[in-house]
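Just so we're on the same page: letters track the sequence lines, and every chain starts at 1.
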There are 2 protein chains.
Amino acid sequence: MEQVQDIKVAVDAVVFGYKVKDGISILLIKRKIDPFKGSWALPGGLVKNEETLEKAIERELKEETGVSINYLEQLYSFSEVERDPRNRVISVAYYGLIKPDAFQLKASTDAVDAQWFNIKDLPPLAFDHQHIVELAIKRLRGKITYEPIGFELLDKKFPFSDLEKLYAVVLDRPIDRRNFKKKVLKYGFIKETDEKQNLSGAGRPGFLYQFNEEKYFDLKRKGINFEV
Amino acid sequence: MEQVQDIKVAVDAVVFGYKVKDGISILLIKRKIDPFKGSWALPGGLVKNEETLEKAIERELKEETGVSINYLEQLYSFSEVERDPRNRVISVAYYGLIKPDAFQLKASTDAVDAQWFNIKDLPPLAFDHQHIVELAIKRLRGKITYEPIGFELLDKKFPFSDLEKLYAVVLDRPIDRRNFKKKVLKYGFIKETDEKQNLSGAGRPGFLYQFNEEKYFDLKRKGINFEV
DNA sequence: GCAAAAGTGTTGTAGGTACACCCATGC
DNA sequence: GCATGGGTGTACCTACAACACTTTTGC
């Protein structure tokens with residue numbers, strides 16, 4: 001006789017944000033109920049009967065943080081029996097990229113506290129969320145070598161150094177400015193505009209660039225070999 | 001008021017087998033109950049309350065086909081609301097590689113019919129399994145470019161051409177024997193033995209090779225760039 | 001001797017890596 | 001004039017791609 005299955009399905013989101021000055025951060029919420037009440041955790045929650053995982057993660061993210069994101073990529077499904085101390089819960093994790101200041105976090109106004117944390121300075125996380133975050137970072141680092149990134153993270157027009165700094169901070173190592181530029185321009189997924197950066201502090205102002213969206217998404221599909 | 005969640009969790013396995021003569025096949029079972037009674041489908045089933053997804057997929061595979069496999073890799077989680085016509089079922093798909101003749105399929109003796117099908121000649125599949133299989137093949141093709149494969153698919157000792165044919169059939173295009181050999185030997189994950197192939201038909205017998213397991217798994221972890 | 005499969009080397013080319021000095025601007 | 005960040009070119013070298021003839025064996 002088969003026992004009735006009693007497993008719940010949840011989704012969790014690792015949302016990466018990028019600011020040129022601060023580097024990569026992740027969006028976390030402060031739990032207001034047990035278990036792990038008061039701990040920081042990834043936004044997420046139970047999937048409803050009539051929605052896909054993708055719909056669920058977008059809904060939860062919106063509800064808990066105010067962030068709308070139209071493309072989250074599936075990361076992995078986590079199923080350790082004891083990962084939630086109360087019920088059996090399997091969680092499907094997603095990850096995505098946004099510009100942190102494109103959204104006003106609900107943090108300030110709502111009951112749930114939501115906040116960006118630099119990935120080099122994360123608080124202790126609830127459940128196995130630490131593990132999920134580590135995997136997401138690893139995946140992001142991998143992704144960068146076979147797909148262009150940046151479109152979702154940079155301003156519409158940006159100085160070349162912003163892109164360069166993005167790669168450096170994701171890969172967590174310095175990159176050679178000249179070789180990087182050569183390679184990026186050869187792929188042609190960004191193009192120079194005739195505008196100049198308006199200065200913020202010292203230094204020679206550079207030209208602004210923008211993504212060639214068509215080529216960018218084309219290369220995302222086809223894949224590139226990008227070891228900078 | 002929250003509705004109670006009523007979603008079931010299943011696992012499905014895409015098991016790839018390789019024979020030098022036949023190429024790549026997938027292990028399928030014939031369903032003996034509705035829905036899709038009589039159709040071919042991926043082996044799999046519902047996860048039990050006290051097991052992880054990994055345990056579940058290994059158990060189901062064993063039960064339904066007689067195949068034991070100690071390493072299956074998670075592929076993707078599928079959650080379309082209507083993917084199972086009766087209940088809401090989310091399925092986590094796994095994939096793995098084995099030598100088809102390492103196991104006697106239960107097909108012949110048991111009620112469930114299990115059989116290998118060449119990936120170029122698959123029958124219509126139940127549920128969204130066609131879709132799952134396509135994704136698995138795509139993943140396998142991708143995997144081959146950043147990891148060595150073959151250890152799980154070839155005999156302990158094998159002529160060099162077996163490995164070459166494996167790559168050719170997975171990539172579905174001819175590869176240059178000389179360049180391929182150069183590259184493989186440079187990575188050093190296989191080594192020549194002093195034994196010679198004992199002949200099966202015509203042709204000059206070649207030396208046998210075997211995997212250098214240490215280097216092989218090391219390269220699997222570290223990643224390689226293998227565009228042959 | 002002929003069919004089948006294995007073994008092997010060279011050359012050209014493209015791309016990657018390493019590397020340092022000058023320029024425009026704000027203060 | 002100095003600090004800050006932007007812009008740019010070359011030389012070496014490695015790695016990949018293309019390519020064909022000879023050898024060993026069975027029949």
Side-chain angles (χ1 to χ4, degrees), chain A residues 19-21 23 144-146 148 154-155 157-169 171 173-210 219 222-228, chain B residues 19-21 23 144-146 148 154-155 157-169 171 173-210 219 222-228:
Chain A
K19 284 187 188 171
V20 177
K21 300 186 73 159
I144 212 174
T145 70
Y146 61 85
L154 297 180
D155 292 331
K157 295 181 180 174
F158 53 89
F160 203 89
S161 57
D162 277 14
L163 186 65
E164 182 202 323
K165 283 174 196 153
L166 170 61
Y167 272 76
V169 74
L171 295 171
R173 59 179 167 79
I175 59 180
D176 183 280
R177 192 155 32 116
R178 288 164 293 185
N179 293 338
F180 179 74
K181 190 163 183 175
K182 256 184 284 180
K183 190 150 189 182
V184 169
L185 290 178
K186 186 160 62 62
Y187 275 115
F189 63 81
I190 71 169
K191 56 191 176 196
E192 194 170 321
T193 70
D194 52 5
E195 294 171 65
K196 279 242 173 106
Q197 194 178 7
N198 50 358
L199 262 265
S200 51
R204 172 178 175 174
F207 283 98
L208 294 178
Y209 289 78
Q210 57 187 319
L219 288 171
K222 287 207 201 113
I224 60 180
N225 191 313
F226 212 91
E227 306 191 5
V228 278
Chain B
K19 284 188 187 170
V20 176
K21 300 186 73 158
I144 211 174
T145 69
Y146 60 85
L154 297 180
D155 293 330
K157 296 180 180 175
F158 54 89
F160 203 89
S161 58
D162 276 14
L163 186 65
E164 181 200 324
K165 283 174 196 151
L166 170 61
Y167 271 76
V169 74
L171 294 171
R173 59 180 167 78
I175 59 181
D176 183 280
R177 191 154 34 111
R178 289 164 292 184
N179 292 338
F180 179 73
K181 191 164 184 175
K182 255 183 285 180
K183 190 151 188 181
V184 169
L185 291 178
K186 186 161 61 64
Y187 275 115
F189 63 82
I190 71 170
K191 57 192 178 196
E192 196 170 321
T193 69
D194 52 3
E195 293 171 64
K196 277 245 175 103
Q197 193 178 10
N198 49 0
L199 262 265
S200 50
R204 170 177 177 175
F207 283 99
L208 295 178
Y209 290 77
Q210 56 186 322
L219 288 170
K222 287 207 202 113
I224 61 181
N225 191 314
F226 212 91
E227 306 191 4
V228 278

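- Between B:L185 and B:K181, the closest side-chain pair of non-hydrogen atoms falls below 4.5 Å.
- Heavy-atom nearest nucleotides on DNA chain D were determined for B:V228 and for B:K196, and the one closer to the 5' end corresponds to B:V228.
- Qualifying side-chain contact (heavy atoms from CB on, under 4.5 Å) partners for A:E164, counting only residues two or more places apart in sequence or in other chains: A:S161, A:I175, A:R177, A:F180.
- Distances were taken from every side-chain heavy atom of B:K182 (C-beta onward) to each of C:dA18, C:dA20, C:dG9; the shortest belongs to C:dG9.
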Between N or O atoms, less than 3.5 Å apart, protein on one side and nucleotides 1-7 of chain C on the other: list the pairs.
unit_1	atom_1	unit_2	atom_2	d
C:dA6	OP1	B:S161	OG	2.7
C:dA6	O4'	B:R204	O	3.3
C:dG7	OP1	B:F207	N	3.0
C:dG7	N7	B:R177	NH1	2.5
C:dG7	O6	B:R177	NH2	3.4

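- In this structure, NZ on A:K165 lies 10.0 Å from NZ on A:K21, to the nearest 0.5 angstrom.
- An end-to-end axis angle of 0° holds for the helix from C:dG1-D:dC27 to C:dC27-D:dG1, taken from five base pairs per end and rounded to 10°.
- The CD1 atom of B:I144 sits 4.5 Å away from atom CG of B:L171, with the distance rounded to the nearest 0.5 Å.
- Applying the ring-ring contact (aromatic ring centres under 6.0 Å, His included) test to A:F158 and every residue at least two apart in sequence or in another chain returns A:F211.
- With rounding to the nearest 0.5 angstrom, the CG atom of A:N225 is 5.0 Å from the CG atom of B:N225.
- A side-chain hydrogen bond (donor to acceptor under 3.5 Å, both in side chains) with B:K157 holds for exactly one of B:Q210, B:E195, B:Q197; it is B:E195.
- One can place CG of A:L208 at 12 Å from C1' of D:dG6, the figure rounded to the nearest angstrom.
- Residue pairs meeting the side chain to side chain donor-acceptor pair (under 3.5 Å) criterion with at least one partner in residues 183-194 of chain A, sequence neighbours excluded, are A:E192-A:Y209.
- With values rounded to the nearest 0.5 angstrom, A:N179 atom CG is found 4.5 Å from A:K182 atom NZ.
- Here C:dG15 presents its P atom at 14 Å from CD1 of A:I224, a figure rounded to the nearest Å.
- In this structure the side chain of A:Y167 reaches within 4.5 angstrom of the side chain of A:F226, judged on heavy atoms.
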Could you write out each protein N or O paired with an N or O of nucleotides 12-16 of chain D at a distance under 3.5 Å?
unit_1	atom_1	unit_2	atom_2	d
D:dC16	OP1	B:K183	NZ	3.1

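- What separates CZ of A:R178 from P of C:dC21 is a distance of 10 Å, to the nearest Å.
- Between the CD atom of A:E192 and the C1' atom of D:dT8 there is a distance of 12 Å, given to the nearest Å.
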